[in-house]
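None of the values given here were measured: they were computed from a predicted structure. In what follows, every chain begins at residue 1, and chains take the letters A, B, ... in the order their sequences are listed.
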2 protein chains.
Amino acid sequence: MTNPPVRPAPLDPEMFDPVCPSALVPFRVGDKWATLILRCLEDGPRRFSELKVPLRGITAKSLTQSLRALERDGFVARTEQEGAVRRVDYALTTLGRGLLGPLDTACAWTREHWDELIDAQEAGLARAAGRH
Amino acid sequence: MTNPPVRPAPLDPEMFDPVCPSALVPFRVGDKWATLILRCLEDGPRRFSELKVPLRGITAKSLTQSLRALERDGFVARTEQEGAVRRVDYALTTLGRGLLGPLDTACAWTREHWDELIDAQEAGLARAAGRH
DNA sequence: CGGTATCCCGGGTGATACTG
DNA sequence: CAGTATCACCCGGGATACCG
């Protein structure tokens, strides 16, 4: 039985598409991209360029920065594969995987109260507009 | 039976003191101060100046900004009391109170893994220092 | 007391170009 | 492919002063 390194299915390029302005998703971890990166690593290690796909519009610089920060904080492990073609993998550490728990809780809450969040925000904007 | 408006105990000026560098508390809601404000409102309505106490060093401007944002998003309700002395109260809305659930989850996780978080961070810093 | 009005600074973020 | 280097901009946030 061969035992090739676990390779999860490719990421859905639209996994963050419908929304995520993070204005409405009220929980943030680390910097702007950190939670999204964590989510991307949920199903297994990912390559640098692989991560760029669902992270619409992220620059190499920002991605590097976020990854380095996550690495420094012990949430993500970076491993450089040797071989002809360059290949660097990023994976969740145990600690990083643990973060997904509370993160899921937060996301679940947001999804459950999505309509209320939208309504409240619209009402708030209307009030703000009326005041001026 | 008189029914005076509920007034919770005064806030502990040191309720955020030992730590909270928010670098290690990996969950953020809204801006820099939002989660702390939410926590401050947990036990009931608070006045503007009352909030400034545990929020060591926050400026009136920042507090106003954060509160206005929380109000716009429907997490906090502002009520201006009439009377001789000026008095403005901020209280959690139902939606805002709901946020405390996931927030508690996040805080609990952080507390549970505090030592690991510290260790991982120190290790990360050491590695970073070694690389340069 | 409960804010506004200004000024200002640092850095987080993006755009672009370049590299091993 | 997996980054680095550089510039440049915006704005969150603090400091200070003032107001109804």
Discussion item. Looking only at the side chain of B/Arg47 (C-beta and beyond, no hydrogens), which of the listed nucleotides C/dC1, D/dG14, C/dG3 gets closest?
Written reply: C/dC1
Discussion item. Without decimals, in angstroms, what is the distance between A/Gln81 CD and D/dA2 P?
Written reply: 10 Å
Worksheet item: Hey, is the side chain of B/Arg78 poking within less than 4.0 Å of OP1 or OP2 on C/dG3, counting only N and O atoms?
Response: yes
Worksheet item: Just to confirm, is there a sub-4.0 Å distance from OP1 or OP2 of C/dG14 to any side-chain nitrogen or oxygen of A/Ser62?
Response: yes
Fill in: Check: A/Lys61 side chain, C/dG14 base, donor-acceptor under 3.5 Å
yes
Worksheet item: Can a salt bridge be assigned to the pair B/Arg86 and B/Glu80 using a cut-off of 4.0 Å between side-chain N and carboxylate O?
Response: yes
Worksheet item: What is the distance, rounded to the nearest whole Å, between atom CD1 of B/Ile58 and atom C1' of D/dA15?
Response: 14 Å
Worksheet item: CZ of A/Arg86 versus P of D/dC1: gap in Å, rounded?
Response: 12 Å
Response to the item:
Taken to the nearest whole Å, CG/B/Leu63 to P/C/dC1 is 14 Å
Discussion item. How many whole angstroms separate atom CD of A/Glu71 from atom P of D/dA2?
Written reply: 15 Å
Practice prompt. Among B/Thr93, B/Thr94, B/Leu100, find the one that has a side-chain contact (heavy atoms from CB on, under 4.5 Å) with B/Arg97.
Written response: B/Leu100
Practice prompt. Measure from CZ on A/Arg68 to C1' on C/dG11 and round the result to the nearest Å.
Written response: 19 Å
Worksheet item: Below 4.0 angstrom from OP1 or OP2 of C/dC1, is there any side-chain N or O of B/Arg87?
Response: no
Fill in: Candidate nucleotides C/dG14, C/dG2, C/dT4, ranked by approach to the side chain of B/Thr64 - the nearest
C/dT4
Worksheet item: For the pair made of CD in A/Glu50 and P in D/dA2, what is the distance, rounded to whole Å?
Response: 9 Å
Worksheet item: Think A/Ser49 has a side-chain N or O under 4.0 angstrom from the OP1 or OP2 of D/dA2?
Response: yes
Worksheet item: With a 4.5 Å heavy-atom cut-off, do A/Leu117 and B/Phe75 have their side chains touching?
Response: yes
Item to complete: Let me know the distance between CG of A/Asp31 and P of D/dG12, rounded to the nearest Å.
Response: 16 Å
Discussion item. Categorize A/Gln65 for me: base, sugar-phosphate, or nothing, with a 4.0 angstrom heavy-atom threshold over every strand shown.
Written reply: base
Worksheet item: Is A/Lys52 salt-bridged to A/Glu50, going by a charged N under 4.0 Å from an acidic O?
Response: no
Discussion item. Quick check on C/dG3: is either OP1 or OP2 less than 4.0 Å from any side-chain nitrogen or oxygen of B/Lys52?
Written reply: no
Item to complete: With heavy atoms under 4.0 Å as the rule, sort B/Val88 into base, sugar-phosphate or nothing.
Response: sugar-phosphate
Discussion item. Quick test of your reading of the model: are B/Asp73 and B/Arg68 salt-bridged, counting only N-O distances below 4.0 Å?
Written reply: no
